[in-house]
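Take a look at the structure set out below.
Reckoned from all heavy atoms, side chains included, excluding hydrogens, waters and symmetry mates. A quick note: this is a predicted structure, and the numbers were derived from the prediction, not measured.
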Amino acid sequence: MAIDIRADEVSSILKQKLAQYEAKNDVDEMGTVLSVGDGIARIHGLSKVMAGELIEFANGLNGIVLNLEEDHVGVAIFGDDSDINQGDVVRRTTRIASVPVGEALIGRVVDPIGNPLDDAGPIATTERRNIEVKAPGIIVRQNVHQPMQTGIKVIDALTPIGRGQRELIIGDRKTGKTSLAIDAIINQRGGDVKCFYVAIGQKKSTVVEVFETLRKHGAMAYTTIVCSSASDPAPLQYIAPYAGVTMAEFYRDNGGHALIVYDDLTKHAQAYRQLSLLLRRPPGREAFPGDVFYLHSRLLERAAKLGKAQGSGSLTALPIVETQASDVSAYIPTNVISITDGQIFLDSSMFVSGQRPAINPGISVSRVGGDAQIKAMKQTAGSLRLELAQYRELEAFAQFAADLDPATRQQLERGRRLMELIKQGVHATLSVVKQVAIIYAGTHGYLDELPASQVRAYEHQFNEALDSRYAGFVKLFEKTPAMTDEVKQELERILKDFKSVYTPPTAAA
(Lines give C-alpha, C1' and ligand atoms only; values in the text may rest on other atoms or scores of the structure.)
Protein backbone atom coordinates (compact mmCIF):
# COMPACT_ATOMS: atom_id res chain seq x y z
CA MET A 1 0.00 0.00 0.00
CA ALA A 2 1.52 3.29 -1.07
CA ILE A 3 1.72 6.17 1.44
CA ASP A 4 1.04 9.61 0.08
CA ILE A 5 3.54 12.03 1.72
CA ARG A 6 3.01 15.68 1.03
CA ALA A 7 6.12 17.82 1.33
CA ASP A 8 4.25 21.00 2.36
CA GLU A 9 2.58 19.20 5.35
CA VAL A 10 5.93 17.83 6.55
CA SER A 11 7.60 21.23 6.33
CA SER A 12 4.74 22.95 8.22
CA ILE A 13 4.90 20.37 11.04
CA LEU A 14 8.68 20.80 11.33
CA LYS A 15 8.35 24.60 11.43
CA GLN A 16 5.70 24.30 14.19
CA LYS A 17 7.89 21.99 16.30
CA LEU A 18 10.96 24.21 15.86
CA ALA A 19 8.95 27.28 16.92
CA GLN A 20 7.89 25.49 20.14
CA TYR A 21 11.39 24.21 20.93
CA GLU A 22 13.14 25.81 23.94
CA ALA A 23 16.83 25.34 24.46
CA LYS A 24 17.34 24.35 28.11
CA ASN A 25 20.99 24.44 28.94
CA ASP A 26 22.24 24.04 32.52
CA VAL A 27 25.12 26.47 32.78
CA ASP A 28 27.22 26.27 35.95
CA GLU A 29 29.92 28.81 36.62
CA MET A 30 33.02 26.83 37.48
CA GLY A 31 36.30 27.80 39.08
CA THR A 32 39.65 26.25 39.86
CA VAL A 33 41.42 25.93 43.21
CA LEU A 34 44.67 27.93 43.11
CA SER A 35 45.80 27.05 46.65
CA VAL A 36 44.36 25.49 49.78
CA GLY A 37 45.49 25.25 53.39
CA ASP A 38 44.40 25.97 56.98
CA GLY A 39 40.73 25.88 55.99
CA ILE A 40 41.11 28.62 53.35
CA ALA A 41 40.99 28.12 49.56
CA ARG A 42 41.85 30.65 46.85
CA ILE A 43 39.80 30.10 43.71
CA HIS A 44 40.17 31.49 40.20
CA GLY A 45 37.36 31.80 37.66
CA LEU A 46 34.26 32.66 39.71
CA SER A 47 33.91 36.16 38.26
CA LYS A 48 30.21 36.61 39.20
CA VAL A 49 30.28 35.04 42.67
CA MET A 50 28.68 37.03 45.55
CA ALA A 51 30.14 37.80 48.98
CA GLY A 52 28.69 35.32 51.48
CA GLU A 53 27.69 32.87 48.73
CA LEU A 54 28.16 29.14 49.22
CA ILE A 55 30.36 27.30 46.74
CA GLU A 56 30.69 23.52 46.34
CA PHE A 57 33.98 21.64 46.05
CA ALA A 58 34.49 18.46 44.04
CA ASN A 59 34.33 16.29 47.19
CA GLY A 60 30.91 17.72 48.20
CA LEU A 61 32.17 20.11 50.89
CA ASN A 62 30.79 23.63 50.97
CA GLY A 63 32.62 26.89 51.61
CA ILE A 64 31.60 30.52 52.09
CA VAL A 65 33.05 33.34 50.01
CA LEU A 66 34.60 35.98 52.27
CA ASN A 67 37.14 37.79 50.06
CA LEU A 68 36.49 39.18 46.56
CA GLU A 69 39.90 39.94 45.00
CA GLU A 70 40.69 41.19 41.50
CA ASP A 71 41.83 37.82 40.12
CA HIS A 72 40.60 35.30 42.71
CA VAL A 73 38.21 34.81 45.63
CA GLY A 74 39.01 33.73 49.19
CA VAL A 75 36.79 30.95 50.53
CA ALA A 76 36.47 29.58 54.08
CA ILE A 77 35.85 25.82 53.97
CA PHE A 78 33.17 24.18 56.16
CA GLY A 79 35.10 21.04 57.01
CA ASP A 80 38.39 19.20 56.59
CA ASP A 81 40.38 20.55 53.62
CA SER A 82 42.68 17.50 53.30
CA ASP A 83 40.66 16.09 50.35
CA ILE A 84 40.78 19.38 48.41
CA ASN A 85 43.74 19.79 46.05
CA GLN A 86 45.18 22.46 43.82
CA GLY A 87 43.50 22.34 40.41
CA ASP A 88 40.20 20.89 41.69
CA VAL A 89 37.07 22.23 40.04
CA VAL A 90 34.57 24.16 42.21
CA ARG A 91 31.01 25.20 41.40
CA ARG A 92 28.82 28.15 42.35
CA THR A 93 25.60 27.32 44.18
CA THR A 94 24.07 30.85 43.86
CA ARG A 95 22.82 30.35 47.45
CA ILE A 96 23.67 32.55 50.42
CA ALA A 97 24.54 30.61 53.60
CA SER A 98 21.27 29.63 55.31
CA VAL A 99 19.97 27.38 58.10
CA PRO A 100 16.67 25.55 58.75
CA VAL A 101 14.26 27.30 61.14
CA GLY A 102 11.03 26.31 62.85
CA GLU A 103 9.53 24.26 65.68
CA ALA A 104 11.31 21.08 64.49
CA LEU A 105 14.59 22.42 65.94
CA ILE A 106 13.29 22.52 69.51
CA GLY A 107 15.01 19.96 71.73
CA ARG A 108 17.71 19.26 69.13
CA VAL A 109 21.51 19.62 69.04
CA VAL A 110 22.68 20.88 65.65
CA ASP A 111 25.85 22.14 63.99
CA PRO A 112 26.10 25.70 62.58
CA ILE A 113 24.86 24.51 59.16
CA GLY A 114 21.74 22.96 60.71
CA ASN A 115 22.77 19.29 60.51
CA PRO A 116 21.66 17.22 63.55
CA LEU A 117 24.34 16.04 65.99
CA ASP A 118 22.07 14.15 68.42
CA ASP A 119 21.18 10.95 66.49
CA ALA A 120 17.48 11.85 66.72
CA GLY A 121 16.82 11.68 63.00
CA PRO A 122 16.57 14.38 60.33
CA ILE A 123 15.10 17.80 61.09
CA ALA A 124 11.65 17.92 59.47
CA THR A 125 11.38 21.57 58.43
CA THR A 126 11.03 23.12 54.99
CA GLU A 127 11.74 26.77 55.85
CA ARG A 128 15.27 28.14 55.64
CA ARG A 129 16.60 31.62 56.36
CA ASN A 130 19.81 33.42 55.42
CA ILE A 131 22.19 33.67 58.37
CA GLU A 132 23.18 37.25 57.51
CA VAL A 133 20.24 39.67 57.56
CA LYS A 134 19.83 43.31 58.50
CA ALA A 135 18.89 43.99 62.13
CA PRO A 136 15.44 45.53 62.80
CA GLY A 137 15.41 49.30 62.42
CA ILE A 138 14.56 51.93 65.03
CA ILE A 139 10.97 52.48 63.90
CA VAL A 140 9.86 48.83 64.27
CA ARG A 141 11.25 48.49 67.81
CA GLN A 142 9.74 49.46 71.13
CA ASN A 143 11.39 50.06 74.49
CA VAL A 144 12.27 47.11 76.72
CA HIS A 145 9.58 46.92 79.41
CA GLN A 146 8.79 43.25 80.10
CA PRO A 147 10.93 41.35 82.64
CA MET A 148 12.97 38.30 81.61
CA GLN A 149 13.18 36.57 84.97
CA THR A 150 16.41 34.61 85.52
CA GLY A 151 15.47 33.18 88.92
CA ILE A 152 18.75 34.55 90.36
CA LYS A 153 18.16 37.03 93.20
CA VAL A 154 21.13 39.30 92.64
CA ILE A 155 20.37 39.64 88.91
CA ASP A 156 16.59 40.08 89.09
CA ALA A 157 16.95 42.57 91.96
CA LEU A 158 20.04 44.62 91.01
CA THR A 159 20.76 44.11 87.28
CA PRO A 160 17.37 43.14 85.83
CA ILE A 161 17.11 41.79 82.28
CA GLY A 162 14.15 42.67 80.06
CA ARG A 163 12.77 40.93 76.98
CA GLY A 164 14.64 42.29 73.98
CA GLN A 165 17.68 43.35 76.02
CA ARG A 166 21.34 42.42 75.46
CA GLU A 167 23.04 41.82 78.80
CA LEU A 168 26.72 40.86 78.79
CA ILE A 169 28.03 38.23 81.22
CA ILE A 170 31.74 38.93 81.69
CA GLY A 171 34.48 37.55 83.92
CA ASP A 172 37.57 35.36 84.15
CA ARG A 173 37.43 31.66 83.31
CA LYS A 174 35.88 29.35 85.90
CA THR A 175 33.87 32.06 87.68
CA GLY A 176 30.40 30.71 86.82
CA LYS A 177 29.50 32.56 83.60
CA THR A 178 27.99 29.56 81.81
CA SER A 179 26.14 28.49 84.99
CA LEU A 180 24.38 31.87 85.14
CA ALA A 181 23.27 31.56 81.51
CA ILE A 182 22.09 27.95 82.02
CA ASP A 183 20.11 29.04 85.11
CA ALA A 184 18.42 31.76 83.03
CA ILE A 185 17.39 29.07 80.51
CA ILE A 186 16.18 26.68 83.23
CA ASN A 187 14.06 29.44 84.79
CA GLN A 188 12.02 29.78 81.57
CA ARG A 189 10.44 26.36 82.25
CA GLY A 190 6.67 26.57 81.96
CA GLY A 191 6.83 29.95 80.21
CA ASP A 192 6.50 31.15 76.64
CA VAL A 193 10.20 31.72 75.89
CA LYS A 194 12.13 29.47 73.48
CA CYS A 195 15.83 29.21 74.33
CA PHE A 196 18.98 28.79 72.22
CA TYR A 197 22.44 27.95 73.54
CA VAL A 198 25.26 28.59 71.06
CA ALA A 199 28.54 26.88 72.00
CA ILE A 200 31.49 28.52 70.18
CA GLY A 201 34.85 26.80 70.50
CA GLN A 202 33.83 24.85 73.62
CA LYS A 203 35.07 21.36 74.43
CA LYS A 204 32.61 18.68 73.33
CA SER A 205 32.57 17.32 76.88
CA THR A 206 31.45 20.77 78.13
CA VAL A 207 28.61 20.89 75.59
CA VAL A 208 27.52 17.37 76.67
CA GLU A 209 27.46 18.56 80.32
CA VAL A 210 25.27 21.53 79.34
CA PHE A 211 22.93 19.24 77.40
CA GLU A 212 22.63 16.80 80.32
CA THR A 213 21.99 19.65 82.80
CA LEU A 214 19.24 21.11 80.61
CA ARG A 215 17.70 17.67 80.03
CA LYS A 216 17.78 16.85 83.74
CA HIS A 217 15.85 20.05 84.57
CA GLY A 218 13.36 19.57 81.72
CA ALA A 219 14.71 22.55 79.78
CA MET A 220 15.49 20.71 76.52
CA ALA A 221 11.73 20.69 75.88
CA TYR A 222 12.06 24.33 74.77
CA THR A 223 15.79 24.66 74.01
CA THR A 224 17.99 24.21 70.94
CA ILE A 225 21.78 23.79 71.18
CA VAL A 226 23.94 25.03 68.30
CA CYS A 227 27.39 23.49 68.70
CA SER A 228 30.67 24.38 67.00
CA SER A 229 33.25 22.69 69.22
CA ALA A 230 36.94 23.49 69.66
CA SER A 231 37.83 20.77 67.13
CA ASP A 232 35.63 22.30 64.40
CA PRO A 233 37.23 24.49 61.72
CA ALA A 234 37.32 28.28 62.31
CA PRO A 235 34.69 28.94 59.57
CA LEU A 236 32.10 26.88 61.47
CA GLN A 237 32.93 28.70 64.73
CA TYR A 238 32.60 31.99 62.84
CA ILE A 239 29.07 31.33 61.51
CA ALA A 240 27.74 29.57 64.65
CA PRO A 241 26.26 32.64 66.43
CA TYR A 242 24.72 33.93 63.19
CA ALA A 243 23.12 30.52 62.64
CA GLY A 244 21.78 30.51 66.21
CA VAL A 245 20.32 34.02 66.06
CA THR A 246 18.66 33.21 62.71
CA MET A 247 16.90 30.22 64.31
CA ALA A 248 15.84 32.41 67.28
CA GLU A 249 14.57 35.23 65.04
CA PHE A 250 11.91 32.86 63.68
CA TYR A 251 10.05 33.17 67.01
CA ARG A 252 10.66 36.91 67.41
CA ASP A 253 9.28 37.62 63.92
CA ASN A 254 6.20 35.45 64.54
CA GLY A 255 5.17 37.28 67.71
CA GLY A 256 6.90 34.87 70.11
CA HIS A 257 9.74 35.30 72.59
CA ALA A 258 13.24 33.82 72.49
CA LEU A 259 16.40 33.88 74.61
CA ILE A 260 19.83 33.21 73.10
CA VAL A 261 23.14 32.61 74.87
CA TYR A 262 26.46 33.08 73.02
CA ASP A 263 29.15 31.09 74.85
CA ASP A 264 31.44 32.79 74.18
CA LEU A 265 32.18 35.79 71.95
CA THR A 266 35.88 35.86 72.89
CA LYS A 267 36.42 32.56 71.06
CA HIS A 268 34.20 33.83 68.23
CA ALA A 269 36.45 36.87 67.76
CA GLN A 270 39.54 34.65 67.86
CA ALA A 271 38.09 32.37 65.15
CA TYR A 272 37.36 35.44 63.01
CA ARG A 273 40.88 36.75 63.61
CA GLN A 274 42.28 33.42 62.42
CA LEU A 275 40.15 33.57 59.26
CA SER A 276 41.06 37.20 58.57
CA LEU A 277 44.81 36.66 58.95
CA LEU A 278 44.68 33.60 56.67
CA LEU A 279 42.74 35.67 54.13
CA ARG A 280 45.59 38.24 54.37
CA ARG A 281 43.40 41.04 55.63
CA PRO A 282 45.39 43.79 57.39
CA PRO A 283 45.59 43.27 61.19
CA GLY A 284 44.90 45.97 63.76
CA ARG A 285 44.94 46.10 67.57
CA GLU A 286 45.85 42.71 69.13
CA ALA A 287 46.05 41.39 65.51
CA PHE A 288 42.24 41.56 65.19
CA PRO A 289 40.95 42.88 61.85
CA GLY A 290 39.50 46.38 61.64
CA ASP A 291 35.89 45.15 61.34
CA VAL A 292 35.85 43.06 64.53
CA PHE A 293 33.51 45.61 66.15
CA TYR A 294 31.08 45.21 63.24
CA LEU A 295 31.39 41.44 63.65
CA HIS A 296 29.64 41.61 67.02
CA SER A 297 27.49 44.73 66.57
CA ARG A 298 25.62 43.29 63.58
CA LEU A 299 25.05 40.11 65.61
CA LEU A 300 23.86 41.68 68.87
CA GLU A 301 21.71 44.36 67.20
CA ARG A 302 19.44 41.55 65.99
CA ALA A 303 18.21 41.15 69.58
CA ALA A 304 15.17 43.42 69.87
CA LYS A 305 11.72 43.99 71.31
CA LEU A 306 9.44 44.57 68.31
CA GLY A 307 6.45 46.92 68.22
CA LYS A 308 2.77 45.93 68.20
CA ALA A 309 2.52 46.24 64.41
CA GLN A 310 5.24 43.58 64.09
CA GLY A 311 3.59 41.21 66.59
CA SER A 312 5.33 42.38 69.83
CA GLY A 313 7.86 39.52 69.63
CA SER A 314 11.22 39.72 71.40
CA LEU A 315 14.70 38.25 71.20
CA THR A 316 16.89 38.57 74.30
CA ALA A 317 20.65 38.00 74.07
CA LEU A 318 23.08 36.95 76.81
CA PRO A 319 26.56 37.16 75.27
CA ILE A 320 29.45 35.80 77.35
CA VAL A 321 32.96 37.27 77.22
CA GLU A 322 35.99 35.84 79.01
CA THR A 323 38.54 38.25 80.51
CA GLN A 324 42.18 37.75 81.46
CA ALA A 325 43.02 38.75 85.04
CA SER A 326 39.71 40.70 85.28
CA ASP A 327 40.89 43.15 82.61
CA VAL A 328 37.66 44.63 81.23
CA SER A 329 39.64 47.26 79.28
CA ALA A 330 40.96 44.72 76.72
CA TYR A 331 39.87 45.05 73.09
CA ILE A 332 37.00 42.53 72.80
CA PRO A 333 35.50 43.22 76.30
CA THR A 334 35.33 47.00 75.68
CA ASN A 335 33.83 46.42 72.23
CA VAL A 336 31.04 44.18 73.52
CA ILE A 337 30.41 46.35 76.62
CA SER A 338 29.80 49.32 74.31
CA ILE A 339 27.30 47.32 72.20
CA THR A 340 25.26 45.75 75.02
CA ASP A 341 22.68 47.24 77.42
CA GLY A 342 24.66 46.47 80.55
CA GLN A 343 26.97 43.84 82.00
CA ILE A 344 27.02 41.29 84.80
CA PHE A 345 30.60 41.19 86.09
CA LEU A 346 31.79 38.03 87.84
CA ASP A 347 34.67 38.71 90.22
CA SER A 348 37.23 35.92 90.64
CA SER A 349 38.22 37.13 94.14
CA MET A 350 34.57 36.97 95.27
CA PHE A 351 34.28 33.49 93.74
CA VAL A 352 37.34 32.27 95.65
CA SER A 353 36.04 33.79 98.90
CA GLY A 354 32.83 31.74 98.59
CA GLN A 355 30.41 34.42 97.34
CA ARG A 356 28.37 32.47 94.75
CA PRO A 357 27.22 33.64 92.30
CA ALA A 358 30.32 35.85 92.28
CA ILE A 359 28.51 38.88 90.83
CA ASN A 360 30.07 42.19 91.78
CA PRO A 361 27.02 44.44 92.38
CA GLY A 362 29.18 47.56 92.25
CA ILE A 363 30.49 47.09 88.68
CA SER A 364 27.49 45.21 87.28
CA VAL A 365 24.82 47.40 85.70
CA SER A 366 21.65 47.17 83.64
CA ARG A 367 20.91 50.14 81.40
CA VAL A 368 17.25 49.18 81.32
CA GLY A 369 16.94 49.14 85.10
CA GLY A 370 13.53 49.23 86.75
CA ASP A 371 11.74 49.12 83.39
CA ALA A 372 12.52 45.39 83.33
CA GLN A 373 11.19 44.67 86.84
CA ILE A 374 7.73 44.00 88.20
CA LYS A 375 6.52 46.74 90.54
CA ALA A 376 7.02 44.70 93.72
CA MET A 377 10.67 43.96 92.91
CA LYS A 378 11.33 47.59 92.00
CA GLN A 379 9.87 48.73 95.34
CA THR A 380 11.87 46.15 97.32
CA ALA A 381 15.23 46.11 95.52
CA GLY A 382 15.95 49.86 95.74
CA SER A 383 16.89 49.70 99.41
CA LEU A 384 18.94 46.51 98.81
CA ARG A 385 21.18 48.28 96.29
CA LEU A 386 21.66 51.24 98.64
CA GLU A 387 22.45 49.10 101.70
CA LEU A 388 24.94 46.94 99.77
CA ALA A 389 26.70 50.07 98.47
CA GLN A 390 26.92 51.49 101.99
CA TYR A 391 28.20 48.15 103.28
CA ARG A 392 31.01 48.01 100.68
CA GLU A 393 32.08 51.54 101.63
CA LEU A 394 31.93 50.87 105.39
CA GLU A 395 33.70 47.51 105.06
CA ALA A 396 36.75 49.18 103.50
CA PHE A 397 36.69 51.89 106.19
CA ALA A 398 36.18 49.42 109.08
CA GLN A 399 39.42 47.59 108.27
CA PHE A 400 41.38 50.59 109.54
CA ALA A 401 39.05 51.74 112.33
CA ALA A 402 39.85 50.64 115.88
CA ASP A 403 36.46 51.53 117.35
CA LEU A 404 33.10 51.77 115.60
CA ASP A 405 29.92 53.48 116.83
CA PRO A 406 26.81 51.29 117.29
CA ALA A 407 25.03 52.60 114.16
CA THR A 408 28.04 51.78 111.93
CA ARG A 409 28.42 48.36 113.54
CA GLN A 410 24.73 47.61 112.97
CA GLN A 411 24.99 48.65 109.33
CA LEU A 412 28.02 46.38 108.84
CA GLU A 413 26.22 43.46 110.46
CA ARG A 414 23.16 43.94 108.24
CA GLY A 415 25.43 44.22 105.19
CA ARG A 416 27.04 40.86 106.03
CA ARG A 417 23.61 39.26 106.26
CA LEU A 418 22.57 40.80 102.94
CA MET A 419 25.73 39.44 101.28
CA GLU A 420 24.75 36.01 102.61
CA LEU A 421 21.22 36.61 101.39
CA ILE A 422 22.25 37.17 97.75
CA LYS A 423 24.15 33.87 97.69
CA GLN A 424 22.40 31.16 95.69
CA GLY A 425 23.12 27.59 94.69
CA VAL A 426 23.77 26.50 91.10
CA HIS A 427 20.59 25.58 89.17
CA ALA A 428 18.48 26.56 92.21
CA THR A 429 16.35 29.26 90.61
CA LEU A 430 13.65 31.04 92.60
CA SER A 431 10.23 32.41 91.68
CA VAL A 432 9.86 36.17 91.88
CA VAL A 433 7.55 35.98 94.94
CA LYS A 434 10.21 34.10 96.93
CA GLN A 435 12.86 36.61 95.85
CA VAL A 436 10.76 39.62 96.87
CA ALA A 437 9.79 38.05 100.22
CA ILE A 438 13.33 37.19 101.34
CA ILE A 439 14.82 40.50 100.12
CA TYR A 440 12.08 42.36 102.03
CA ALA A 441 12.95 40.36 105.14
CA GLY A 442 16.63 41.25 104.80
CA THR A 443 16.19 44.97 104.14
CA HIS A 444 13.54 45.46 106.85
CA GLY A 445 15.55 43.99 109.73
CA TYR A 446 13.89 40.57 110.06
CA LEU A 447 17.31 38.87 109.76
CA ASP A 448 19.23 41.27 112.04
CA GLU A 449 18.94 39.03 115.14
CA LEU A 450 19.99 35.97 113.14
CA PRO A 451 23.68 34.90 112.97
CA ALA A 452 25.03 35.52 109.46
CA SER A 453 25.89 31.82 109.16
CA GLN A 454 22.18 30.91 109.51
CA VAL A 455 20.81 33.19 106.78
CA ARG A 456 20.92 30.46 104.09
CA ALA A 457 19.19 27.95 106.37
CA TYR A 458 16.52 30.54 107.27
CA GLU A 459 15.88 31.24 103.60
CA HIS A 460 15.60 27.53 102.76
CA GLN A 461 13.02 26.94 105.50
CA PHE A 462 11.13 30.14 104.59
CA ASN A 463 10.88 29.09 100.92
CA GLU A 464 9.48 25.70 101.97
CA ALA A 465 6.95 27.49 104.19
CA LEU A 466 5.85 29.69 101.25
CA ASP A 467 5.09 26.52 99.30
CA SER A 468 2.96 25.06 102.12
CA ARG A 469 2.11 27.11 105.22
CA TYR A 470 1.91 30.51 103.47
CA ALA A 471 0.53 29.47 100.07
CA GLY A 472 -2.25 32.05 100.51
CA PHE A 473 0.30 34.88 100.40
CA VAL A 474 1.76 33.51 97.15
CA LYS A 475 -1.71 33.58 95.54
CA LEU A 476 -2.28 37.13 96.82
CA PHE A 477 1.08 38.28 95.44
CA GLU A 478 0.50 36.67 92.03
CA LYS A 479 -2.87 38.45 91.82
CA THR A 480 -1.32 41.83 92.76
CA PRO A 481 2.46 41.77 91.99
CA ALA A 482 3.09 45.09 93.78
CA MET A 483 3.86 46.02 97.38
CA THR A 484 0.39 47.35 98.16
CA ASP A 485 -0.62 47.95 101.78
CA GLU A 486 -2.46 44.61 101.80
CA VAL A 487 0.52 42.66 100.40
CA LYS A 488 2.95 44.42 102.74
CA GLN A 489 0.82 43.77 105.84
CA GLU A 490 0.38 40.10 104.92
CA LEU A 491 4.12 39.70 104.28
CA GLU A 492 5.02 41.28 107.62
CA ARG A 493 2.48 39.05 109.35
CA ILE A 494 3.94 35.85 107.91
CA LEU A 495 7.53 37.00 108.64
CA LYS A 496 6.59 37.53 112.30
CA ASP A 497 4.77 34.18 112.35
CA PHE A 498 7.68 32.36 110.72
CA LYS A 499 9.98 33.63 113.49
CA SER A 500 8.16 31.30 115.90
CA VAL A 501 8.41 28.21 113.67
CA TYR A 502 11.98 28.67 112.37
CA THR A 503 14.32 26.00 113.75
CA PRO A 504 18.04 26.89 113.72
CA PRO A 505 20.28 24.19 112.23
CA THR A 506 22.20 22.06 114.70
CA ALA A 507 26.01 22.32 114.89
CA ALA A 508 26.37 18.91 113.22
CA ALA A 509 24.21 20.03 110.27
So that I can tick it off, tell me whether R298 and D291 are bridged by a salt bridge, with the cut-off set at under 4.0 angstrom between side-chain N and carboxylate O.
no
Check for a donor-acceptor pair, side chain of E127 on one end and backbone N or O of P100 on the other, with a separation under 3.5 Å.
no
For residues T443 and L418, report the shortest heavy-atom separation together with the two atoms involved.
N-CD2, 4.2 Å
Report the distance from atom NE2 of H427 to atom OG1 of T213, rounding to the nearest 0.5 Å.
4.5 Å
Is there a donor-acceptor contact under 3.5 Å from the side chain of Q188 to the main chain of A184?
yes
So, are E395 and R416 salt-bridged, with charged N and O less than 4.0 Å apart?
no
Locate the shortest heavy-atom distance separating H145 from N143; write the atom from each residue and the value.
ND1-O, 3.0 Å
Residue pair E249 / V101, side-chain heavy-atom distance below 4.5 Å:
no
Checking R173 against S348: is there a side-chain donor and acceptor pair closer than 3.5 Å?
no
Flag side-chain contact, heavy atom, 4.5 Å: D497 against R469:
yes
Give, for atom OG of S326 and atom CG of D347, the distance between the pair rounded to the nearest 0.5 Å.
5.5 Å
Does the pair R189 and T429 meet the rule for a side chain to side chain donor-acceptor pair (under 3.5 Å), with working shown?
CA-CA 11 Å; R189 187 175 52 224; T429 57; 5.3 Å; no
Is the shortest side-chain heavy-atom distance between V501 and Q461 below 4.5 Å?
no
Backbone N or O of E464 within a donor-acceptor pair of the S468 side chain at under 3.5 Å?
yes
Measure the spacing between OG1 of T223 and CG of L214 and express it to the nearest 0.5 Å.
5.5 Å
Smallest separation among heavy atoms of F351 and T175, with atom names
CD1-O, 3.6 Å
Are a donor atom and an acceptor atom from the side chains of T323 and D172 found within less than 3.5 Å of each other?
yes
Under the 3.5 angstrom rule, does the side chain of T380 hit a backbone N or O of V436 as a donor-acceptor pair?
no
Search all heavy atoms of S229 against all heavy atoms of K204 and return the closest pair with its distance.
OG-CE, 3.2 Å
Going from NZ on K267 to CD1 on I320, what distance comes out if it is rounded to the nearest 0.5 angstrom?
10.0 Å
E393 atom CD, neighbour heavy-atom count above 12 within 6.0 Å:
no
Honestly, is R129 close enough over F250, meaning NZ or CZ under 6.0 Å from the six-membered ring centre and within 45° of the axis?
no
Do the charged groups of K488 and E492 touch, with an N to O distance under 4.0 Å?
no
Decide side chain to side chain donor-acceptor pair (under 3.5 Å) for N187 and Q149; before the verdict, give the C-alpha distance in whole Å, the side-chain angles of both, and the deciding distance to 0.1 Å.
CA-CA 7 Å; N187 198 57; Q149 301 290 351; 5.7 Å; no
Check against side-chain contact (heavy atoms from CB on, under 4.5 Å), Y251 and E103:
CA-CA 9 Å; Y251 297 96; E103 297 282 349; 3.5 Å; yes
Measure the CD1-OG1 distance between I200 and T266 for me, rounded to the nearest 0.5 Å.
9.5 Å
Between C195 and T224, is any pair of side-chain heavy atoms under 4.5 Å apart?
no
dist T159:OG1 -> I344:CD1 (nearest 0.5 Å) comes out at 4.0 Å
For residues S338 and F293, determine if any side-chain heavy atom of one lies less than 4.5 Å from a side-chain heavy atom of the other.
yes
Mind checking whether E486 and L476 have side chains closer than 4.5 Å, heavy atoms only?
yes
Side chain of Q310, backbone of R141: donor and acceptor closer than 3.5 Å?
no
Please determine, by modelled atom types, if S453 and E420 share a side-chain donor-acceptor pair under 3.5 angstrom.
no
Would you tell me whether K423 and Q355 have side-chain atoms, one donor and one acceptor, within less than 3.5 Å of each other?
no
For a 4.5 angstrom cut-off between non-hydrogen side-chain atoms, does L318 reach L259?
yes
Start with the C-alpha distance between R417 and E413, add both sets of side-chain angles, then the distance that settles side-chain contact (heavy atoms from CB on, under 4.5 Å), and finish with yes or no.
CA-CA 6 Å; R417 283 156 182 75; E413 288 299 320; 3.0 Å; yes
With a 3.5 Å cut-off and no angle check, do the side chains of T340 and R166 form a donor-acceptor pair?
no
In plain terms, say whether E459 and K153 are close enough for a salt bridge, that is, a side-chain N and a carboxylate O under 4.0 Å apart.
yes
So do I161 and T150 actually touch side chain to side chain, heavy atoms under 4.5 Å?
yes
Residues K434, D467: salt bridge by 4.0 Å N-O rule:
yes
When you measure from the side chain of R414 to the backbone of R409, do you find a donor-acceptor pair of N or O atoms at a distance under 3.5 Å?
no
So, are R493 and E490 salt-bridged, with charged N and O less than 4.0 Å apart?
yes
In this structure, is the centre-to-centre distance between the rings of Y242 and H268 below 6.0 Å?
yes
Short question: side chain of R273, backbone of P289 - any donor-acceptor pair under 3.5 Å?
no
Applying salt bridge (charged side-chain N to carboxylate O under 4.0 Å, His left out) to D192 and R163, what does each step give before you reach the verdict?
CA-CA 12 Å; D192 58 349; R163 292 187 176 185; 3.0 Å; yes
Take T316 and E167 through the side chain to side chain donor-acceptor pair (under 3.5 Å) test and state the conclusion after the steps.
CA-CA 8 Å; T316 310; E167 184 80 1; over 6 Å; no
Of V99, I123, D118, L117, the residue whose pairing with V110 passes side-chain contact (heavy atoms from CB on, under 4.5 Å):
I123
Residues I170, I337; criterion side-chain contact (heavy atoms from CB on, under 4.5 Å); working and verdict:
CA-CA 9 Å; I170 186 169; I337 285 171; 4.2 Å; yes
I'd like to know if the side chain of D111 and the backbone of N115 have a donor-acceptor N/O pair within less than 3.5 Å.
yes
Take D264 and I169, measure what side-chain contact (heavy atoms from CB on, under 4.5 Å) needs, and give me the verdict at the end.
CA-CA 10 Å; D264 64 81; I169 301 173; over 6 Å; no
Can you check whether A428's main-chain N or O pairs, donor with acceptor, with Q424's side chain at less than 3.5 Å?
yes
So, are E478 and K475 salt-bridged, with charged N and O less than 4.0 Å apart?
no
Y502 and F498 aromatic ring geometry - parallel, tilted or perpendicular at 30°/60° bounds:
tilted
Closest contact, heavy atoms only, G442 versus L421
CA-CD2, 4.2 Å
Using modelled atom types only, decide if a donor and an acceptor are shared between the side chain of R108 and the backbone of A104 within a distance under 3.5 Å.
no
Would you call R367 and D341 a salt bridge, using N to O less than 4.0 angstrom?
no
Classify the ring geometry of F477 against F473: parallel below 30°, tilted from 30° to 60°, perpendicular beyond 60°.
tilted
What pair of heavy atoms forms the shortest contact from V198 to I260, and how long is it?
CG2-CD1, 3.9 Å
